[in-house]
Number of protein chains: 2
Amino acid sequence: MGTVDEPRWLNAEEQDTWLAVLAMAVWLPDAIDAQLQRDAGVSHFEYQVMAMLSMSPERTRRMSEVAALANGSLTRLSRTVDRLEKRGWVTRRPDPDDGRATLAVLTDTGWEKVVATAPGHVAEVRRLVLDPLTRTQVRQLHEIATRIRQVVQPEGSFPTLPAPGTA
Amino acid sequence: MGTVDEPRWLNAEEQDTWLAVLAMAVWLPDAIDAQLQRDAGVSHFEYQVMAMLSMSPERTRRMSEVAALANGSLTRLSRTVDRLEKRGWVTRRPDPDDGRATLAVLTDTGWEKVVATAPGHVAEVRRLVLDPLTRTQVRQLHEIATRIRQVVQPEGSFPTLPAPGTA
DNA sequence: CCGAGATACTTGACGGAACAAGTGACTGCT
DNA sequence: AGCAGTCACTTGTTCCGTCAAGTATCTCGG
């Protein structure tokens with residue numbers, strides 16, 4: 001239905017690609033959230049926070065590091081940790097090495113929550129992403145996502161995943 | 001489901017892939033939103049709504065169709081159209097063919113807004129997604145995203161873009 | 001060691017999105 | 001025709017995340 005002076009846009013193939021990417025970017029997080037909410041009563045972000053802590057030495061990490069690892073703002077993390085503290089899964093304590101910093105610590109109950117929740121979550125990740133794709137596609141996706149991430153993710157928050165667990 | 005000390009998780013390669021996908025799924029929409037907010041003062045969702053209308057016959061579509069095309073709920077669309085109406089870019093009118101339905105119409109001002117906004121948005125999509133990848137990777141991404149979308153997107157809302165039912 | 005500026009959070013105010021309930025309109029069965 | 005059930009929205013409430021401002025601590029130049 002193009003009038004001649006339609007807004008500048010992408011060619012058909014580019015647009016198809018972009019729309020598919022968009023739909024994926026919207027619905028995939030939504031589906032992941034839904035499974036966690038339904039089966040474990042936590043949001044994906046909350047789960048990520050606990051999962052990151054569970055993989056950290058002493059199950060402990062600085063707030064700002066956790067925020068970066070979970071791809072969220074410090075503000076958001078602060079509110080989230082409030083909720084997780086109320087549920088008894090995380091506690092805060094001051095960082096002895098830096099008076100400004102706060103350490104988030106996963107409690108034993110929190111650890112159990114992660115252990116109980118992880119299998120269902122992992123199964124969902126497999127079901128939605130890993131299984132429907134060929135091994136080749138998974139490799140391609142890895143490279144593509146890594147490349148886009150480099151372009152898109154704000155400087156500074158390019159996290160290396162947790163150091164070995166002394167848990 | 002075995003009993004393990006560590007929560008069941010993915011192997012290193014799978015986890016890398018998943019974390020990269022997650023980071024992309026978080027930061028890409030964020031970056032797209034940021035450009036639109038900065039340069040045009042609209043959210044990505046608002047832009048999508050207007051862009052979809054701009055590509056529709058008579059610049060008109062049913063609310064529920066627009067919602068599906070923009071990957072949003074009807075509730076969200078309703079609130080968003082409230083705002084777009086206040087800004088003079090969209091109007092509502094009842095569907096003559098179905099008294100339950102509401103048609104969203106892009107106004108002339110709204111059309112101009114889309115025309116003015118599209119080039120910057122398209123440039124950002126290219127900069128963040130299309131340009132950093134090889135042509136081959138773009139094709140791979142298309143297939144991968146389409147596949148995942150099939151698995152992840154709720155039944156029913158699998159939209160074809162152009163013409164509404166003048167069928 | 002003192003003060004200016006940066007850093008690491010926390011918190012108040014605000015806006016947007018989800019859930020659920022409500023309204024009016026269509027459909028299908030009898 | 002008439003009622004039950006569904007559908008297409010809209011709206012009240014509530015929660016969550018952001019922005020901006022506040023607090024406490026660290027760093028660094030002089």
Side-chain angles (χ1 to χ4, degrees), chain A residues 25-27 29-34 36-38 41-49 60-87 90-105 154-157 159, chain B residues 26-27 29-31 33-34 36-38 41-49 60-87 90-105 154-157 159 164-165:
Chain A
V26 169
W27 293 112
D30 196 73
I32 292 293
D33 248 314
L36 284 167
Q37 203 61 254
R38 172 169 43 78
V42 295
S43 70
H44 185 214
F45 187 73
E46 290 169 334
Y47 174 77
Q48 282 186 94
V49 168
T60 298
R61 224 170 245 274
R62 286 171 138 227
M63 296 286 284
S64 46
E65 289 175 12
V66 177
L69 288 167
N71 298 307
S73 68
L74 194 44
T75 298
R76 184 181 184 185
L77 181 68
S78 188
R79 311 273 195 200
T80 301
V81 169
D82 286 349
R83 294 193 297 271
L84 295 177
E85 260 188 315
K86 273 177 203 141
R87 301 235 242 164
V90 170
T91 53
R92 285 184 233 238
R93 66 181 188 83
D95 185 341
D97 299 342
D98 185 338
R100 294 167 301 180
T102 304
L103 299 173
V105 187
E155 295 294 329
S157 57
Chain B
V26 168
W27 293 112
D30 195 73
D33 248 312
L36 284 168
Q37 203 61 255
R38 174 168 42 79
V42 296
S43 72
H44 185 214
F45 187 72
E46 289 169 335
Y47 174 77
Q48 282 186 96
V49 168
T60 298
R61 227 170 242 276
R62 289 174 71 152
M63 295 287 284
S64 47
E65 289 175 12
V66 177
L69 287 168
N71 299 308
S73 67
L74 194 45
T75 297
R76 184 182 183 184
L77 181 69
S78 189
R79 312 272 195 198
T80 301
V81 169
D82 286 349
R83 293 192 298 271
L84 294 178
E85 261 188 314
K86 275 179 203 141
R87 301 235 243 165
V90 170
T91 53
R92 286 183 232 237
R93 67 183 187 81
D95 185 342
D97 299 342
D98 187 335
R100 294 168 299 181
T102 303
L103 298 174
V105 187
E155 296 292 329
S157 56

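Since the structure is predicted, the reported quantities are computational estimates derived from the model, not experimental observations. Reminder, nothing fancy here: chain letters follow the sequence lines and each chain counts from 1.
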Send over the distance from [X] [atom1] to [N] [atom2], rounded to a whole Å.
X: A:Asp97; N: D:dT25; atom1: CG; atom2: C1'; value: 14 Å
X: A:Arg76; N: C:dT10; atom1: CZ; atom2: P; value: 16 Å
X: A:Leu77; N: D:dC16; atom1: CG; atom2: P; value: 14 Å
X: B:Asn71; N: C:dA18; atom1: CG; atom2: C1'; value: 16 Å
X: B:Leu84; N: C:dA17; atom1: CG; atom2: P; value: 11 Å
X: B:Gln37; N: D:dC19; atom1: CD; atom2: P; value: 9 Å
X: A:His44; N: D:dC16; atom1: NE2; atom2: C1'; value: 17 Å
X: B:Met63; N: C:dA25; atom1: CE; atom2: C1'; value: 16 Å

Practice problem: Kindly write out the residues that satisfy side chain to side chain donor-acceptor pair (under 3.5 Å) with B:Asp95, not counting sequence neighbours, or none if the list is empty. | Solution: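 So B:Asp95 forms no side chain to side chain donor-acceptor pair (under 3.5 Å) with any residue.
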Could you give the distance from [atom1] ([X]) to [atom2] ([Y]), rounded to the nearest 0.5 Å?
X: A:Arg62; Y: A:Arg100; atom1: CZ; atom2: CZ; value: 7.0 Å
X: B:Arg92; Y: B:Ser78; atom1: CZ; atom2: OG; value: 4.5 Å
X: B:Asp33; Y: B:Glu46; atom1: CG; atom2: CD; value: 9.0 Å

Quiz prompt | Residue mapping more 5' on DNA chain D - nearest nucleotide basis, A:Thr75 or A:Pro96 | solution = A:Thr75
Self-check item: Earlier contact from the 5' end, DNA chain D, for A:Arg100 and A:Phe45
Solution: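 In this pair, the answer is A:Phe45.
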Self-check item: Given DNA chain C, 5'-ward residue of the pair B:Gly99 and A:Arg79, judged by closest heavy atom
Solution: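 Nearest-nucleotide comparison on DNA chain C picks A:Arg79.
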Self-check item: 5′-ward residue of the pair A:Ala101/B:Asp98 relative to DNA chain C
Solution: A:Ala101
Within less than 4.0 Å of OP1 or OP2 of [N], is there a side-chain N or O belonging to [X]?
X: A:Ser64; N: C:dC9; answer: yes
X: A:Ser73; N: D:dT18; answer: yes
X: B:Ser78; N: D:dT11; answer: no
X: A:Arg83; N: D:dG17; answer: yes
X: A:Thr102; N: C:dT10; answer: yes
X: B:Arg92; N: D:dT10; answer: yes

Quiz item: Do B:Leu77 and B:Ser64 have side chains that get closer than 4.5 Å, going by heavy atoms?
Solution: no
